[in-house]
Amino acid sequence: MPDRRRWFQTTAIVYPNSRPHIGTAFEKLGADVQGRYRRMEGYEVFFLMGNDENTVKVSKRAAELGLEVQAYCDDMAKQFRQVWDALDIQYDTFVQTSEPRHHRCAQKFIQQVYDNGYIRKDAYEGWYCDGCEAFKSERELAGGKCPLHANLEPVRRSEPCYFFELSKFQDWLLEYYDENPEFIQPESRRNEIIQLIKTEGLQDVNITRRGEDWGIRLPFDPEFTIYVWFDALLTYITGIGYGADEAEFAKWWPCDMHFIGKDITRFHCALWPAMLKAAGIAPPRRVFGHGFVYKKNEETGVLERFSKSLGNVVEPMEIVTKFSSEAFRYYFLRECPFPSDGEFGWARFAEVFNADLANNLGNLYSRVVTLVTKNYDGVLDGTAGQKPRAIEGCTLPTTVDSVRAHIEACRYNQALEAIWRQVLDPANQYADKQAPWKLVKTDKDAAKAVLFDLLEPLRATCILLKPFLPRSAETIYTSFNFATPWADVSFADAAEAQPLNEDLRVLAQLDAGKVKPLFPRIG
RNA sequence: CGCGGCGUGGAGCAGUGGUAGCUCGCCAGGCUCAUAACCUGGAGGUCGUAGGUUCAAAUCCUGCCGCCGCAACCA
């Protein structure tokens, strides 16, 4: 057991050749919930994000726009961060791979791997397209021609390069997977990778490019630059001090969770641990390959991949501006299973928002506040030191345990479902059954007790929702004088009623005795 | 036989051997504190298909059909 529980997590490093879309945001969101949850649970958390800028595509894009590459990268990084900030992604560092620090540390790393004897100079031979000025794989040349330059004949070409000897790590990797069943998550992805390696095997990979101006120089042969994958993965260690601040690096490494898209599991589950092993560094603890979000075509009902050519890209800011970051967060976390695929459609978005946020949570909050305000002037006398009675169908300790388990397995949609079905629904049912608005006319104390009971599921919900909807949960929670300060709440507090030192009262700002709707219905 | 995933009431999903469940939508009723919100009840499924194993299969096995991902500006 480490003396202090710490949690280091990362999200995939993004190519900034276009602005982030919903799918990119989905990943950041899933990681954010995990990070916020771990913080609540007392972990010291470090959340690393960044942009992958040392690629030919980026320099081309900058050239198209007539910008200096660095200026272009800095501007994109700014734009990305604006989006992440708008979505309340709570990250601790944002690495740009064009930073001098990253360059230095990456060079140190590759030198180490070279010194350890896992990089060899050889010749790369393949089909080269003069139009693209790049090598093309057999697959890309299906039909014998480059799909982008059908008028040109691909030529056989050979050129010097450096190979990373990935094949040497195949057995070690399979062993590592075997000994660490949690390494690749979810399980379906793990099976996929193991199967892939067993059937196709791992080949040595060319990790250099020649004749590029933009990128990181190979320290032992400056004619070459480091190929983007080898360089990008290093962000995960250069961002926490590798090669610069060894104490800091030792504190955070190995990584507890790399969040990545399912398309790049190979790089993170095979290449990355092998690179680290080659440099004498421990492999990461877990890699989580999340699913993709597809766009539901509102007219045809067909699911499409977000793509510029289809013109169906939805930018996160569009939703945040129209609705709110909380609405954005809720939809994707509740509606799209993180471990597998999900879909986005405007109609569905409104449906989910209205049903769960407006009608259920928002309405429960507003009916309770109104009842307490109207009938008791906002103060429930005599509730100091009291404990609420349990509501039928709502066993908080059980629910808290299952929500916890779901979050730890990144099953965010199931965590949210549990909160709604096991806490909020019973609360609304209890309200209806006890009818405190009626009871208050005959037995004011009994009605008061019912309202006091109703506040408990609301309080627990806020705590459980804190990683998911940080703003709304805070607004609701701080509408009352609950005992534990918002900044200090943990899941354990949600399971057990916390007696107050003073009578319970409504602190929310009211307009004519009513709260402003937190989630105004759409439509 | 490249690898992998999916096919459950109108829509979206849960359910890995033992009376088919949830959300939305729809219909009827109740309530009126609340954001025309809330609560109760109902209609609607032979769980893609054909076989097999079993006392018992949506759930295990096999064949077939259909859809999708892994290779392309794209997470």
Side-chain angles (χ1 to χ4, degrees), chain A residues 11-15 17-18 20-28 57 60-61 64 136-142 146-148 188-189 191-200 259-266 289-294 296 301-310 312-313 334-337 340-343 345 347-348 350-352 354-375 413-414 417 420-421 424-425 427-440 447 450-451 454 513-522:
Chain A
T11 54
I13 308 304
V14 187
Y15 284 129
N17 50 355
S18 65
H21 60 66
I22 283 178
T24 329
F26 183 53
E27 172 177 298
K28 312 306 167 197
K57 282 175 196 160
K60 277 189 177 157
R61 181 80 187 123
E64 279 168 32
K136 295 278 158 178
S137 69
E138 300 277 343
R139 257 185 156 153
E140 286 173 290
L141 297 177
C146 169
L148 299 173
S188 55
R189 217 118 278 148
N191 296 338
E192 207 172 316
I193 292 291
I194 292 177
Q195 197 60 24
L196 192 87
I197 293 182
K198 282 187 176 162
T199 54
E200 291 182 21
F259 289 96
I260 55 157
K262 63 179 182 179
D263 55 335
I264 52 175
T265 27
R266 301 166 74 149
H290 63 77
F292 281 168
V293 176
Y294 296 89
K296 180 144 188 166
V302 173
L303 290 188
E304 300 165 340
R305 193 165 176 154
F306 286 105
S307 85
K308 284 171 199 165
S309 50
L310 283 172
N312 63 359
V313 174
R334 172 67 183 92
E335 199 57 17
C336 304
S340 40
D341 297 338
E343 60 191 67
R348 183 69 185 153
E351 201 174 294
V352 168
N354 285 340
D356 293 353
L357 295 179
N359 298 351
N360 198 330
L361 172 61
N363 184 53
L364 176 67
Y365 166 59
S366 111
R367 69 198 299 203
V368 169
V369 169
T370 308
L371 283 164
V372 174
T373 306
K374 263 192 188 166
N375 300 299
N413 59 325
Q414 291 185 53
E417 180 172 15
W420 259 255
R421 298 290 84 80
L424 292 171
D425 285 353
N428 270 317
Q429 286 157 11
Y430 182 76
D432 203 71
K433 213 171 184 177
Q434 301 295 326
W437 50 89
K438 202 181 279 178
L439 194 56
V440 75
V450 170
L451 290 175
L454 274 173
K514 295 194 168 207
V515 281
K516 198 173 108 218
L518 253 187
F519 309 105
R521 279 180 63 87
I522 297 173

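The sequence lines fix the lettering, A, B, ..., with proteins before strands; numbering per chain opens at 1.
- A distance-only check finds a donor-acceptor pair linking the side chain of A:R189 to the backbone of A:G289 [under 3.5 Å].
- Residue A:R348 contributes atom CZ, which lies 13 Å from atom P of B:A11 at whole-angstrom precision.
- Residue A:V313 is classed as having no contact, given no heavy-atom separation below 4.0 Å to the nucleic acid.
- For the residue pair A:R334 and A:N413, the shortest heavy atom distance occurs at O-CB, 3.3 Å.
- A close approach under 4.0 Å does occur between a side-chain nitrogen or oxygen of A:H21 and OP1 or OP2 of B:A75.
- Contact annotation: A:K514 side-chain N/O to B:U35 OP1/OP2 distance is under 4.0 Å.
- A:E335 places no side-chain N or O within donor-acceptor distance of the main-chain N or O of A:E343, the cut-off being under 3.5 Å.
- Rounded to whole Å, the separation between the C1' atoms of B:G5 and B:A37 comes to 40 Å.
- Contacts of A:R61 with the nucleic acid, taken as non-hydrogen atoms under 4.0 Å apart, are absent.
- If you take atom P in B:C3 and the same atom in B:A14, they sit 26 Å apart, rounded to whole Å.
- Residue A:E192 is classed as a sugar-phosphate contact, given heavy-atom separations below 4.0 Å to backbone atoms only.
- One donor-acceptor pair, N or O on each side, does fall under 3.5 Å between the base of B:A34 and the side chain of A:N363.
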